[in-house]
Amino acid sequence: MAYKGMDFYLADELFTKEEILIRDSVRQFVTDEILPIIQKHNREGTFPAHLVPGMGELGLLGASLKGYGCAGVSATAYGLMMVELERGDSGIRSFVSVQGALCMYPIHRFGSEEQKRQYLPKMARGETIGSFGLTEADFGSDPGGLRTRAEKTAGGYLLNGSKYWITNGSIADVSIIWAKLDGVIRGFLVDKEAKGFSAQDIEGKLSLRASVTSELLLEDVEVPETALLAGTEGLKSALSCLNQARYGVAWGAIGAAQAVFDEAVRYAKGRVQFGRPIAGFQLQQAKMAEMLTEITKAQLLCARLGRLKEAGKASPAMVSLAKRNNVSMALDAARTARDILGAVGIMDEYQTFRHMCNLESVKTYEGTHDIHTLILGQAITGLDAFE
Ligand code: TGC
Ligand code: FAD
C-alpha cells in the first residue's frame, strides 16, 4: 500500500498544488530508492552515494536557490522535501542539507559570479559534493573560538588547522572551511586535491550510520585568491548558513516522527497479547494520542514558519524554536514507538531504532537543544546566558 503521511489537521490544505506535487515526487523516491536499501547501509555504516545523481535529477540539491541550475522551489516546498527525505533516514536528509543549505547557499550568498558559475550547477546535479567545516574538536557550541587560521600570501592564502564532525567530509570535492584571517572568521573554498588537505572518517558512530562524518586536516594548504568567499565577514556569515540548515532540520524531524508513528500504530494493531491487539489497550492509545498531537503541532509550526520565511519574516530565533521543538518531539516519538514495539523495537528490521539513534545526533548538531534554549532565552529577555 502506498505510504500516506499522517495529516490529522489537514495541513495539506495549507500547501499549493505544486508544493504537494513536489512533496509526492520525493515521497515516491524515498519509497522506491531509500527504504529498500537503508537497513543495509545503516548496518554497514556506508553512505548510499549511488542515490546522489537521482537526488540531483529530482531537484533536491540547493532546491530553494534561484538560478544556476537550482530548482528555485518555495521555502515550504523545500521543507516538505526534507520531511520526506527524513522519513527515509536522517543521514540522507543530512547529506542534502549540507550540500544545499551549508555549501550551495553560502556560495550563492557570499560568492563571486565566477564562483557561483563554477560550483552551483555541478552541485545542483550532484556532480560536485560539498562539506561545511565550522566545528573543531575544541569548539562545538562555541564556534567563535575556532583556531583554524588563514594567512595572506603573495598568490592567495595559507590555511592551517583542523575540523571535526564534518558531514560529507571525506566524500566532498570542495569543503567550505571557516578560518580566521587577521582575527576575522571568513569562508574558504578548499578543493579536496589541495596539497596538505586530508579527510579521515570518524569511526564508531552509533547514529547517522548512513552518513559520512569526518575529521579534516589542513597543513599548510595553499589556496588561490579565488578560494575566498569574499562576502563572508565574521561568525555571523557562518551562522546565517546555519539558519538555512536548521530550517530544513525542523521540517525533516517531522518525517522521522511520522515514520516511527506509522510503524508503531501498524505494529500495535497487529500485535496480539492477552487475546487482543495491544492497540486496544488504553496505555498504548495514550502513547499514540500523544505522538499524534505532538506531530500535528510540529506540522502546523513548520507550515507557518515556511510562509514566514517566504515573506522574509522568519527570524533566527523563530527557526531555533522550530528546530528545538521538532527534533525533541521526534526523539520522544521514536522512544515511545520503540517502547510500543516491545522487543522487536531493538531490531533493525524495523526502522524505529535507527530513527531514534539518528535523532540523537540531530538533537546535537545544528546547535544543541540547550543552545536553542539559550537563543530563545535571549530573545525573550534580551540577556545573553551563553557565557
Ligand atoms: P554572537 O555574539 O551571539 O553572534 C555573533 C554575530 O552573529 C550574529 N548572529 C547571527 N546571524 C545570523 N544568524 C544567526 N542565527 C545568528 N546568531 C547570531 C550576531 O548578531 C552577531 O552579529 P554581529 O554583527 O554583532 O557580529 O556569537 P556567540 O559567539 O556568542 O555565539 C552565539 C551562539 C552560541 C548562538 C552560536 O555560536 C551558535 O549558534 N552555536 C551553535 C553552533 C552550531 O550550531 N554549529 C553547527 C555546525 S554545522 C552542523 O552542525 C551541520 S550538521 C549536518 C546537517 O545539517 O545535517
Ligand atoms: P559541546 O559544545 O561540547 O556541548 C556539550 C554539552 O554542553 C551539550 O549538551 C551542550 O548543549 C552543552 N553546552 C555547551 N555550551 C553550553 C552553554 N553555554 N550553556 C549550557 N550548556 C552548554 N559541524 C560542522 O561544522 N559541520 C558539519 O557538517 C557537522 N556535522 C555533524 C554531524 C554529526 C553526526 C554530528 C554529531 C555533529 C556534526 N557537527 C558538524 C558538529 C555539531 O554542530 C556539534 O557537535 C554541535 O554544535 C555541538 O558541539 P559539541 O559536540 O562540541 O558539544
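Read the numbers this way: they start at 1 and go in the same order the structure lists the ligands and their atoms.
For L208, every heavy-atom contact with ligand 2 shorter than 4.0 Å involves the side chain, none the backbone. With a heavy-atom cut-off of 4.0 Å, T167 touches ligand 2 through backbone and side chain alike. Contacts with ligand 2 closer than 4.0 Å are made by backbone heavy atoms (N, CA, C, O) of F386 only, the side chain lying farther away. Looking at S141 against ligand 1, only its backbone comes within 4.0 Å, counting heavy atoms.
Protein heavy atoms are found inside the 4.0 Å sphere centred on atom 37 (C) of ligand 2. The presence of a protein heavy atom under 4.0 Å from atom 22 (C) of ligand 2 is ruled out. By the definition of a contact as any protein heavy atom under 4.0 Å away, atom 40 (C) of ligand 2 is in contact. Protein heavy atoms are absent from the 4.0 Å sphere centred on atom 3 (O) of ligand 2. Distance screen at 4.0 Å: atom 52 (O) of ligand 2 has a protein heavy-atom neighbour inside the cut-off. The nearest protein heavy atom to atom 45 (N) of ligand 1 is closer than 4.0 Å.
Between Y78 and Y247, the ring-plane angle classifies as parallel under the 30° and 60° cut-offs.
Scanning the protein heavy atoms around atom 12 (C) of ligand 2, the nearest turns out to be D370 OD2, 3.9 Å. From the protein, the heavy atom lying nearest to atom 48 (C) of ligand 2 is T368 CG2, 3.8 Å.
Under a 4.0 angstrom heavy-atom cut-off, L102 registers as being in contact with ligand 1. For L374, the heavy-atom gap to ligand 2 drops under 4.0 angstrom.
Taking the ring centre of Y157 as origin, the terminal cationic atom of K152 falls inside the region bounded by 6.0 Å and 45° from the ring axis. A cation-pi arrangement is present between R87 and Y3, with the terminal nitrogen or guanidinium carbon under 6.0 Å from the aromatic centre and inside a 45° cone about the axis.
In this structure, of G140, S131, S141, the residue bringing a heavy atom nearest to atom 1 (P) of ligand 2 is S141.
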